[in-house]
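Worksheet: one structure, shown below.
Chain A is the first sequence line, chain B the second, and so forth, proteins listed ahead of strands; every chain is numbered from 1. In this text the structure is predicted, and so the values were computed from the model without any measurement.
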Amino acid sequence: MTALPKSTCAHCGLPSRGFSDDAGRQFCCLGCQTVYGILQSEGLDNYYALRSKLGDGSPKPVKQQNRSYAEFAAIAADANGESRLLVPDLECAACVWLIERYLGRQAGVHSVDVSLAQKLLRVKWDQEQTSLQKIAQAVARLGYQPRIFSSDAALAARQREERNLWLRLGIAGAAAGNTMLLSVPLYFGARYGIESNLARTFVWLAWAVATPAVFYSGWLFHKRAWASLKTGTLHIDLPLSLGILLAYAGSAWAAIRGSHEVYFDSVTALVFLLLVGRLVLTRGHRRAEAAAETLVHSGNPTAQVYQRDGTRTIEKLVQELQVGDEILVPPNAALPADGVVVFGKSYIDCSVLTGEAKPQAVGPGSQVYAGCTNQNAPLRVRIQQAGAATRLAEIAKLLRQAASDRAPIVEMADKLAGWFTGATLLASAATFLLWLPHGIETSLTAAIAVAVVLCPCALGLATSLSLAVAQGRAAAQGIMFKGASGVQRLAEIDTLVLDKTGTLSQGNAAVVAWTGLVSVGAHDLRDLVASIEANSLHPLAKALSRYGKADLPTKAVQEVAGAGVVGHVAGQKLRIGSERWLNSTIPEGLRRAPQNYPLATPVWIEVNGAVAACAWIADQIHADSAKHIRELKSLGIQPILLSGDRTAIVAATAATCGIDRYMGQATPEQKLTLLRQVGSRVGMVGDGANDAAALAAAHVGVAVAGGVETALQAADVYLLRPGIGDVVSAIQLSRAAMRTIRRNLKISVAYNTIGMILAVSGQLGPLGAALLMPISSLTVILSSIWQGSIDTNAINSSVK
Amino acid sequence: MSIVYLLLPIGILMSLAAVIWFIWSVRSGQWDDLDTPPWRALFDDERGETQKNN
């Protein structure tokens, strides 16, 4: 080797951490090294070129789990020889390419199809030659975590629904196009004259073509309108359905009576456009739901259970665990049940359950709970509560109760539904009577024209399209709205309750301040410390090893649990640890804790016998949290900090971020109570199981990246990126969406009013109606698509 | 103009054929994933191997 080795990982591009292969290439972890090796040996290194071409550019190191994927062993292929696997960590099209190529070469695999949108892997395989377990292992070798595709029922239902929508749309589109063509001779005939037999043929043909569109494709609206009538609740589909049916019936009546004033083309075009709006909205929902499913961090579905002889373990499904079973919990694994530690000393992270960011030391006799993550040493735990009896499950129950208390939301367009229904009927009747003196045919024609033009097509599109556009825009930024009502609710809040751990702060230990010497000799002291701490699994060690470059060679490194570590690096002898571990005294000047983190843990660093520096470790607040809180306030939203962590820490965090109201050491029950007390238009942002009930009870719940399954289920909005910057963006986006909806409603009301005036005064024939409707729809569509650009400038200038 | 009476049924039959074909394509799941197929156009062929069929 001639030059210094490059210090970035050859696979993921993040800083390398000492792993290297025979050719001297550097990697950040064993996972990346393994995958790189596989790609090279299989001739698949085209992956890297594809990834930079097709990917989004953000590198991710490979997370490897040492699992046997036993849960796949018993699954057989379906009738077509096909099975489905869920692969949540698919990133981009390059991953698709890689998995399809690599799996395709495995023995017994006939074909592989990956769907990036659904994160779904469909594989046709031969039961004689291989097993689904081997296939899952192959996927895992590449660094992905395949999961059993368990939500078959839900996905099948969703798929059926969407296919249905496509069918209806296709038929409506075919009908619309054909009726429009069939109407052209009638329009010309009205101007230049047409043979009556010919005209009648076109009229009856148009009627025949329009019928499936009105009744099959339009069924969605008629069904909902009927339900709306029966229950007395108003829904926008009521005037839509009414308008469609009135226009259809009126045109049919005209056809029977031999008139040529038929509106079949307007009716079918109306149904088609409305279905387009609905499809766009449905696909937006489906994308958000799929993204939410992939965010779910379900723990390992299996656990290692000790056998009766006490030394061997077998893998059992978590559902089969029983009270009294003793399980082995390896490092970095989540505890699957509540229990007591029988053997082993380690640290566990309970932040998802309690909000407390600092890992707790546990040893024999300590209580541990399901959902907590074991940090650095294996633990043997005897189960005391499993399944529904765990604390985690209790919180989930609390969540279900809170969720059912939700007040129903009346959508803005629905409020207008009643007005439009009444207006349509009234205006049609009035027009009929008005024109009666001129003859029944004229009056009927005018009445039908009124019914057609008053049908709120633009209105039907007004809400669904702008919500869909808002959802799409948000999704591109990593903000997933579960449903359209989430957009409306987020725009309405005036107070925002924030969790601390994982939301305002990073949720894991980091070095927040450094007092004392920064360099020793030619080296940066931080790099020396990082190199020594790189191999320790202690939670504080991780923080220290990330604080500097951990690529210096070390010698004679010894770790004493609970005390510290000692070793040689770059010719210096370092002793790093707690105060008791040190050999010399600490100078008073180093003892000052950082102002923002009064309860930070000090880690003392002694160099060659003299205490040289101190690294203060705490749950680090995101650098831009304070800025985003300012932005929130300028939007007129009052922030409140609510956390389960210790009060002193919460107070300091509130002071740093600029939040006036805060409460620490809050249990999940207390969070719920406080939320209800604060008011009715309150949003909640959180990520842990201890936030779940509050997320459900709030006017709108926002779950942040890395959240627990219960929190994600309870929330209306999911953020894929950490930090609260996206919360501010989400609020701005949803307010822009609501402004657009209001604008669209004004546009459609304006069109309807003009149209009504023209129709009542007898000036609007079928041609006029056929023109007016697409123009109004187009205006609404353009207004929805441009919602961003019209309002963005306003947003940027108002927030400083 | 009476040729129209022949052309119209032909046109309707063609439309009907198209609709039936559309119904079949939706039912066979070709419209389920519209996002991944566009990316496939960018995939390179494998070196020294024949292209596997998808």
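Per-residue counts of heavy-atom pairs under 4.5 Å with chain A were compared for B/Pro37, B/Ala18, B/Gly29; the largest is that of B/Gly29. Chain B forms more heavy-atom pairs under 4.5 Å with one residue of A/Leu182, A/Val114, A/Val209, A/Asn164 than with any other, namely A/Val114. Options A/Asn178, A/Leu181, A/Leu205, A/Ile171 differ in how many heavy-atom pairs under 4.5 Å they form with chain B, and the most are formed by A/Leu205.
A search for side-chain contact (heavy atoms from CB on, under 4.5 Å) contacts involving A/Ala138 returns A/Tyr102, A/Leu103, A/Gln106, A/Arg141, not counting sequence neighbours. Applying the side-chain contact (heavy atoms from CB on, under 4.5 Å) criterion to B/Thr36, with sequence neighbours excluded, gives A/Val96, A/Ser115, A/Leu116, B/Asp33, B/Arg40. Every ring pair (Phe, Tyr, Trp, His ring centres under 6.0 Å) that A/Phe215 has, sequence neighbours left out, goes to A/Tyr248.
The two residues A/Trp166 and B/Leu34 come nearest to each other via the heavy atoms CZ2-CD1, 3.6 Å. Taking every heavy atom of both residues into account, B/Asp32 and A/Arg163 meet most closely at OD2-NH2, 2.6 Å.
For a heavy-atom cut-off of 4.5 Å, chain A lies close to B/Val4, B/Tyr5, B/Leu8, B/Ile12 in residues 4-12 of chain B.
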